[in-house]
S.K.: 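Supplied in structure tokens, the structure appears directly below.
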Amino acid sequence: MAIKDLFAEGVASGWKVHNASRFEKDTTLEADVAIVGTGAGGGTTAEILAMAGFRVVMIEEGPLKSSNDFNMDEREAYATLYQEAVGRLSKDEAITILQGRSVGGSTTINWTSSFRTPEPTLDYWTSEFGVKGTSVNEMAPWFADREERLNVHIWEIPPNANNSVLQKGCDALGYEWKMIPRNISGCWNLGYCGTGCPTNAKQSMLVTTIPGALQRNAELLFLARAHYLRHKNGKVSGVVCQAMDETCVKPTGKTITVKAKHVVLSGGSINSPAVLMRSAIPDPYNIVGKRTFLHPVPMTTAIMPEKIDGYHGAPQSVHSDHFQWKDGVTGPIGYKLEVPPLQPKLAAALFRARSEDLADNMSKLPYMNVTLALLRDGFHEQSQGGRVEIRNDGSPVLDYRMNEYLWDGMRRAMLSMAEIQFAAGASTVRPHHYGAPHYKSWKEAKAGISDLNLREYDTLIGCAHVMGGCPMGEDQKRSVVNSLGEHHQMDNLSVIDGSVFPTSIGANPQLSVYGQAARMATNLAERLGSPVITRT
Amino acid sequence: MNKNTSAEKSPGGFNPALNRRTFLKTGLVGGAILSTAGAALSLAGSTPAPKASGYLFFADTDIPFIRALFRGIIGNAIPSEEILMLGVRDLDKHSAKLSPELQKILRLLFDVATMPLTKGLATGVWKDWDNLTTEEVYAFLNRWQHSRLYLNRMAHASLVQLTSMSWYGMPESFEHSDYPGAPYTSVLITKPNNY
């Protein structure tokens, strides 16, 4: 095989990797630190703690898939590497949520965009939420540390044609754009980041920190869902997990108990709050799972006169923050512009079209540019985010409702995107909305989009970034964990993942998670290495 | 979409006269049926219909409905009945991998759309699903898409998304989408580890 598979070699060399779906009886594991989740937060934390000499057990709900399994096949990938087999939706089914669920979490399937948390976001957390130690200057070394570990650098190869449309359109209109920093090493410029990197070029947790932790005697338990935490008198004693069947649909009935001196929740927004809720961890101010943010995403399709082949080449290499802060941090919602990759299965899911309209759209796939906007939610009183709820079967669901404030942002973003696409030479532009035609000019699009009836189900609302729900801060009435990710009410429980963000980020969040996780985990290693300090 | 003259007057190509009449029938009652009759069906604890032979999720009674969905949603991109059935198979396989909660919702939706007691009221379709013309399938999808009741619109959007993802993920659809497939397959397609 041309590409070496880290896990095939590592497991052969003695890595401790357990497939819980094959357990025939209930099992107990012991650890200094149990980490629930192996994405950006859990992966980073695992390596840092393992390097500090702690005995770490990583617990992952999804399967273990690595480069040998990644065959650029959308069908296989969506069914195995995504939460609820890519079927995850908001409670009212109006928002499609792409979230990873395999070893490496969303880092295994994300599109590699690696931005530091924008300065206005960090400032807002300090001034509005009383978060300590996360100012731009304080965070800079943590981001630099992670950029080095994950080889984050600005993409130097020319963007693919799909990204070029955004670049050209912004240039023509005098809008700001930049190349995107990516976490890659020896990237083949394939375009299949979303189905798992087949060349191990993407420096996801799967090929960096998780192998790093396993080399230092950490254990990895996969196809094991953290069901609840065992706790008493403000102390957690372990994680009770359900072994999942090999398709990760149903529990097998076997239980794995991971006893630990300290537990870190890194399941991401939705799943981390869900573990706290199922465990009845004290939540005296009723905050857990609230203020969960999504970067709601509208999209517009341009049919270009030239071939675009948006399924090939690095999926995201150009972005524009022209509309991100121009109305202030707390004004009408700002947004970042990017493009998605356009493999056919993903593309078909996004159009909000069917019958002849869908067939017509799909027949033009090679000529298509799709542009997307990430709406920066959580910075305005009209944007309080969604709320995680637990269904009868114990699974979590996010109740996130649209309102006028958000719809206004969706409409302005559609207008910006259509204007840019026409400026780049688009023949037609169509918002992803059942009622929208292919507009033939910017003038027509401007009038049409201004009048479009934006509402749930008719309008595509995508999401690939779930953030918040266990916000950090020093005020116990407004935060679940302190600024170091330590639970306010529990002695030996931390939350280290994107759920600690008090708002959305305003950029693809992976590097924001890495930076906070590195800071929190390093601090945790110091704390665990010294006599236990009782916090007040 | 419908190509008749009245269709051009309303967005989405739905006949406005038919719209008002069917709202009374399928809008108000149908929406209620989707929720209450659906809930009643599940509360009654009706044993789930057995899976169709060779299928992981669909029952025999679902298959005419699913076939109609493909005809209505994929439309003229379907080259043959044989390939249509590959789409049905793919959706079945994918449905079995959804979370139990999503499977439950889908099961309820299929039951409501296929059981004699609920089908006509919920969908406005009184014939067998297999006997519908393509125009009649479009009319059904239009009714749900433009329904005043969010449950119908929600069901429509979810079914369109699931069906179109199944279809356009299949290699058999790549000729229509002109998708050349993944590059460097001889080097990069490898035997899975299957841990």
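Proteins get letters first, then strands, A, B, ... in listed order; numbering begins at 1 in each.
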S.K.: Please examine the side chains of A/M72 and B/Y184, heavy atoms only from C-beta on, and report whether any two atoms are closer than 4.5 Å.
M.R.: no
S.K.: Output the distance between atom OG1 (B/T185) and atom CG (A/N71), rounded to the nearest 0.5 Å.
M.R.: 10.0 Å
S.K.: State, to 0.1 Å, how close A/K250 and B/P100 come at their nearest heavy-atom pair, and which atoms those are.
M.R.: CG-CG, 4.2 Å
S.K.: Any idea which heavy atoms bring B/L188 and A/T199 closest together, and the distance?
M.R.: CD2-CG2, 3.8 Å
S.K.: Crowded around B/E81 CD? As in, over 12 foreign heavy atoms under 6.0 Å?
M.R.: yes
S.K.: Are A/S66 and B/N193 close enough that a side-chain donor and a side-chain acceptor fall under 3.5 Å?
M.R.: yes
S.K.: Do the side chains of B/I74 and A/R354 get nearer than 4.5 Å, heavy atoms only?
M.R.: no
S.K.: Please determine, among B/G75, B/S166, B/A77, B/P183, the option with the most heavy-atom pairs under 4.5 Å with chain A.
M.R.: B/P183
S.K.: For A/E246, is the CD atom crowded, meaning more than 12 foreign heavy atoms sit under 6.0 Å from it?
M.R.: no
S.K.: For a quick test of reading the model, state the closest non-hydrogen atom pair linking A/L358 to B/S164 and the distance between them.
M.R.: CD2-CB, 3.5 Å
S.K.: Measure distances from A/V17 to the heavy atoms of chain B and classify the residue's part below 4.5 Å as side chain, backbone, both or neither.
M.R.: neither
S.K.: List the atom of A/A359, the atom of B/N76, and the distance in Å for their closest heavy-atom pair.
M.R.: CB-OD1, 3.4 Å
S.K.: Could you look at B/L102 and say if it's the side chain, the backbone, both or neither that has a heavy atom under 4.5 Å from chain A?
M.R.: side chain
S.K.: Would you confirm whether the ring centroid of B/H156 sits within less than 6.0 angstrom of the ring centroid of A/Y434?
M.R.: yes
S.K.: With side chains defined as the heavy atoms from C-beta onward, is the minimum distance between B/Q161 and A/R352 less than 4.5 Å?
M.R.: yes
S.K.: Is it the backbone or the side chain of A/E456 that comes under 4.5 Å from a heavy atom of chain B, or both, or neither?
M.R.: backbone
S.K.: Do the ring planes of B/Y179 and A/Y311 sit parallel (below 30°), tilted (30 to 60°) or perpendicular (above 60°)?
M.R.: perpendicular
S.K.: Do B/D178 and A/Y367 make a side-chain contact, defined as non-hydrogen atoms from C-beta onward lying under 4.5 Å apart?
M.R.: no
S.K.: Given heavy-atom pairs under 4.5 angstrom as the criterion, report whether the side chain, backbone, both or neither of A/D92 touches chain B.
M.R.: backbone
S.K.: What part of B/I105 gets closer than 4.5 Å to chain A, counting heavy atoms only: side chain, backbone, both or neither?
M.R.: side chain
S.K.: So what's closer than 4.5 Å to chain A heavy atoms on B/N194: side chain, backbone, both or neither?
M.R.: both
S.K.: Could you tell me whether a side-chain N or O of A/S355 sits under 3.5 Å from a main-chain N or O of B/G72, the two making a donor and an acceptor?
M.R.: yes
S.K.: Quick one: do B/W167 and A/K345 satisfy side chain to side chain contact (heavy atoms under 4.5 Å, CB included)? Show the steps, please.
M.R.: CA-CA 8 Å; B/W167 184 263; A/K345 187 169 173 131; over 6 Å; no
S.K.: Can you name the nearest heavy-atom pair linking A/E93 to B/S158, along with the distance?
M.R.: OE1-OG, 2.9 Å
S.K.: Is it the side chain or the backbone of A/F7 that comes within 4.5 Å of chain B heavy atoms, both, or neither?
M.R.: both
S.K.: Considering only heavy atoms, which portion of A/K65 lies under 4.5 Å from any heavy atom of chain B: side chain, backbone, both, or neither?
M.R.: side chain
S.K.: Which bit of B/E175 comes within less than 4.5 Å of chain A, counting heavy atoms only: side chain, backbone, both or neither?
M.R.: neither
S.K.: Heavy-atom distances under 4.5 Å only: say whether A/S21 touches chain B with side chain, backbone, both or neither.
M.R.: neither
S.K.: For A/A94, is it the side chain, the backbone, both or neither that has a heavy atom under 4.5 Å from a heavy atom of chain B?
M.R.: neither
S.K.: Heavy-atom count check: over 12 atoms from other residues, nucleotides or ligands less than 6.0 Å from A/F23 CZ?
M.R.: yes
S.K.: Please give me the minimum heavy-atom distance between A/D458 and B/Q145, naming the atom from each residue.
M.R.: OD1-O, 4.1 Å
S.K.: For A/V397, which atoms come within 4.5 Å of any heavy atom of chain B: side chain, backbone, both, or neither?
M.R.: neither
S.K.: When heavy-atom pairs shorter than 4.5 Å are enumerated against chain A, which of B/K97, B/M154, B/E101 gives the highest number?
M.R.: B/M154
S.K.: Just give me the residue among B/G169, B/A96, B/G181 that pairs up with chain A most often, heavy atom to heavy atom, under 4.5 Å.
M.R.: B/G169
S.K.: Heavy-atom distance under 4.5 Å to chain A: side chain of B/F174, backbone, both or neither?
M.R.: side chain
S.K.: Would you kindly say whether A/Q343 and B/Y168 are connected by a side-chain donor-acceptor distance under 3.5 Å?
M.R.: no
S.K.: Decide if atom CG of B/N131 counts as having more than 12 heavy atoms of other residues, nucleotides or ligands within a radius under 6.0 Å.
M.R.: yes
S.K.: Could you check whether any side-chain N or O of B/S99 sits under 3.5 Å from a backbone N or O of A/E84, counting only pairs where one atom can act as donor and the other as acceptor?
M.R.: no
S.K.: Judged by atom type as modelled, is there a donor-acceptor pair below 3.5 Å linking the side chain of B/H94 to the main-chain atoms of A/R75?
M.R.: no
S.K.: Looking at side-chain heavy atoms only, is the closest gap between B/R153 and A/R455 below 4.5 Å?
M.R.: yes
S.K.: Is any side-chain heavy atom of B/H176 less than 4.5 Å from a side-chain heavy atom of A/L365?
M.R.: no
S.K.: Is A/N19 reaching over with its side chain to a backbone N or O of B/Y195, donor-acceptor style, under 3.5 angstrom?
M.R.: yes
